[in-house]
Amino acid sequence: MINVRNFTKKERRAIPRQEMTERHPKQRAKYFDEVTLGYSLKEAQFEAARCIQCKDPACIKGCPVGIDIPSFLEMIVDNKLNDAIDKVWESTALPAVCGRVCPQEMQCEQVCVVGMKNGRDPVGIGNLEMFIADWARAHNIKNRVEIPPSSGKKVAVVGSGPAGITVAGDLAKKGHDVTIFEAFHKAGGVLLYGIPEFRLSKEIVEHEIQQLLELGVKIEYNWVVGRTVDVDELLEEKGFNAVFIGVGAGLPNFLNIPGEDLSGVFSANEYLTRANLMRAFDFPQYDTPIIAGKNVAVLGAGNVAMDSARTALRLGAKSVKIVYRRTRDESPARHIELHHAEQEGVEFEFLTSPLEFIGSSDGKLAGISCERMELGEADESGRRRPIAIKDSQFFLDCDLAIISIGTQANPLLTNTTDGLELNKFGNIKADPKTGKTTKDGVWAGGDITLGQATVILAMGTGRDAAKSIDKYLSTK
Amino acid sequence: MYKIVKKEMMAHNSVVLNEIEAPQISKKAKPGQFIILKVNETGERIPLTMANVDKKRGTITIIYMIVGKSTKNFSMLEVGDGYQDCVGPLGQPTNIKKKGTVVCVGGGTGAAVLHPITKGMSEAGNRVITILGARNREYLILEKEMEKVSNELRICTDDGSKGRHGFVTDELREILENEKVDEVVAIGPVPMMKFVSLLTKEFNVSTTVSLNPIMIDGTGMCGGCRVTIGNETKFACVDGPEFDGHKVDYDSLMRRQNTYKYEEEQACDCMNDKDLR
C-alpha cells in the first residue's frame, strides 16, 4: 500500500491537488444536502503532504485567527489526527464552519508558496480544516480544555453568530460566567438563518452550539437586546461585568426602484431566513410558507446572491437568473460559489441593471424591466463603473425576485444604547485591536463593527475582544 | 415555554384571549407594541399586538381571531400549556399625550389592540370617544372594558343587531361633523383603516393606524414587513407598527397581505385532512 509518509520531498511535490468529491450538480440541485462530501483519510494525507513546511509560513499570517497550518497538516500526514484537531482548536472554535465558508483563496491559500509556482495549485487548507473537524465530530472527540475555577465575573454576549460564539467560548474557557442573549428562537446567527444547508449543514452549527453549552455557556433565546432588555440594564441591574455586542449587520438594502412592494419581491434575508431558519422547504410540515417561483431573478452577485439562487433551484424553480450590472470578473462572490451555481444550472445576466418591477393585475410580480450596461472608467472602488447603454431596455420574465445587494447596520440596539459612538454608516466604532467601544464595559465585533464581512473576520474580532475583556475582568 | 395562565373564548368561539406568563416582556411593554409567538418546533412566527400588560402578574394578554393554521394551533392550547417561543416587546410604543378630544375606532379584533391605547389616552387626560364595529352583536368584543376607559362608547354593527346599523365610518362622520376632534386612532381590518383615513383626511384630523403586515424576525432583518408610507419604504417592525394613517399605501399593504393566500389555504387543508384521519 502506498504510504505518503514514505514519500521523498520530490515525490510529495509531484502530488496534484486532491479535489474534494462533490454530489452531481444536476442531482444535488434538487436537494438541500451538502454539496461537498469531504476527503477520505487517504485523500487528506495526500493533500496535506503537498505542504512543503516553509520555515516562515505565510499561510499562518494569511489566516485571520492565525491557525498553525503547517503543523496540523504534518500531523494529518503522520496520522496523528487527535493532535491535528487540538492544534486547530488552539486558534479556532469553529473549524467545521470555517473549512466550509472561509474565502481561503483570499487568505491562507492565496499566499501558499506551493501555489506560487506556475501551474501549481495551493495546498487545499480549507478542505483539510473541514476534514479534520468532521473527523473529530464523527469520532465524538471534544475540545478538551481545562476550565479554571470560576472567576465570579459575568459576561453578556449579544448575538450568537460567529463573533458571539467565539467570544463566549474563549471567555468560558477562562472561567468566566457567560450568557448569550439571542433574538431568535435558535442559536447560530448567520450560520443558521443565512448560509444554506447545502453549504453548511445545520447539524454542524448545532454541534458547535452544543460544545459551547458543554463549556458552561448559557443561552437565553427570544431576547432582543434593545427591546426586551437594554445594555445598561445588563450592566447595572442584571449584574454583568462586561457586554459584548455581536448583533451583525442585519438591515437589508433595497433597490429603491418602482414596484419593489409587489408580492414576489423579497430581500435575500427574508428568502433565506424562511428557507433556512424556518425550514419553509419542508412546508406544509413546517408552517412557514415560501414562494417557490418558476422563473426567478436574483439581483446582485455576491455569495448571498448565489445562496439565494441555488436555494430557489432546490425549491423547484424552472429557471434562475443572476442579474448583475457588472461582469463576472467584478462579482463579489467567491469563485467556488459562482462555479457551483453555474454547474447547477443558474444562468447569468451580466451587465444588466433592473429599472422597475412590473406587476400583474393581482399585484403579483410578472417581470422586471431591465437595461443593458457597459463598463466605463474605474470608480472609487477600483472597479469599472457600469454605464447604461441607450435604448437597451428589455423585459425579464419572472415571478420571484430576490434582492441581494448587501445589508447595513441594524439600528435597533444602537438607537437604544447611550454612549456608543457610531461611524457614518451606523456601525459601532470599536478599537480594531481590542474591540473596545466608547462605552464603559462594552465591546463589539463582527459585522456590527466591520460592515459586511466574513465569518472568519467576525471570529477574529471576537477572539481579540475576548482577550481584552479577560484582561479587563482581571483588573476588576 | 411561555405558559398560558388564562384563556377565554369570545365572539362565537372565533376569537381567543390568552394571558401569557412573560415577566421580562411585561416589565418593558408599552401600549402599541407587539410580540411574536411561535407555538412549537415546526410553527411559524406570528406577530400580535398586545391587548393588555399586567406588570404585577408578569403577564401579557393577546386576543386573536382564528384565521389560519397557526392561529388554529394557538387556539388548541389550554391553560397550563404554553408557547415554545415568545419575543418582545417589539416596535415603537404609541405616542400617548394630551391632545384634547380623541376618537378611538376599533373594528373586529382591532378592539383588542386599541384597548391599552384608549386606556392610555384616557389616563393622559383626553376626552375619549370610542367607536367599536363588528359584523353583529355576537362578534363585538371588549365592550365593557372599553366603556370603562372611554367617556363615550358608540357601537356599530353591519346588521344593526346592536347600536348603529352601519359602518364605523358612518358614526365617525357624524362626530367629525358635530365637534372638534384632535386625533383619531383607528385599528382594525385594512379596508376599515383605509376608509377611516380617507374620511379624517377630509376633515383634516390627524390619524394613527396600527399595521400588521407579514413579518418574520420583527427586528428589522428580513424586510418582509415593508410598507409604503408617503413615498418612503418603512419597516413596520422597527419603524411601526403605528403610522400616520393619511400616508399609508393601503392597497399595496392589502396586496402584500395576500402573498401566501394559496399556501395558507394549503396549510389549512392539510390540517383538516389530519383532523379527519
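Below, read A as the first sequence line, B as the second, and so on, with proteins coming before strands; counting in each chain starts at 1. What's counted below: heavy atoms across the whole structure, side chains too, no hydrogens, waters or symmetry copies.
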Heavy-atom side-chain contact between A:Met278 and B:Arg45 under 4.5 Å: yes
Would you confirm whether [X], through its side chain, and [Y], through its main-chain N or O, come within 3.5 Å as a donor-acceptor pair?
X: B:Arg256; Y: A:Asp261; answer: yes
X: B:Lys27; Y: A:Val229; answer: no
X: B:Arg226; Y: A:Glu260; answer: yes
X: B:Thr259; Y: A:Ser263; answer: no
X: A:Glu270; Y: B:Gly223; answer: no

Mind checking the [atom1]-[atom2] spacing from [X] to [Y]? Nearest 0.5 Å is all I need.
X: B:Tyr260; Y: A:Phe283; atom1: OH; atom2: CZ; value: 10.0 Å
X: B:Cys222; Y: A:Phe266; atom1: SG; atom2: CZ; value: 9.5 Å
X: B:Ile25; Y: A:Asn222; atom1: CD1; atom2: CG; value: 7.5 Å

A:Pro289 to B:Glu263 - nearest heavy-atom pair and separation: CB-CB, 3.7 Å
If you compare all heavy atoms of A:Asn410 against all heavy atoms of B:Thr219, which two are closest, and at what distance to 0.1 Å? ND2-O, 2.8 Å
Note: A:Asp287-B:Lys38 ion pair, threshold 4.0 Å (strictly below): no
Is any NZ, NE, NH1 or NH2 atom of the basic residue among B:Glu44 and A:Arg279 found under 4.0 Å from an Asp or Glu carboxylate oxygen of the other? no
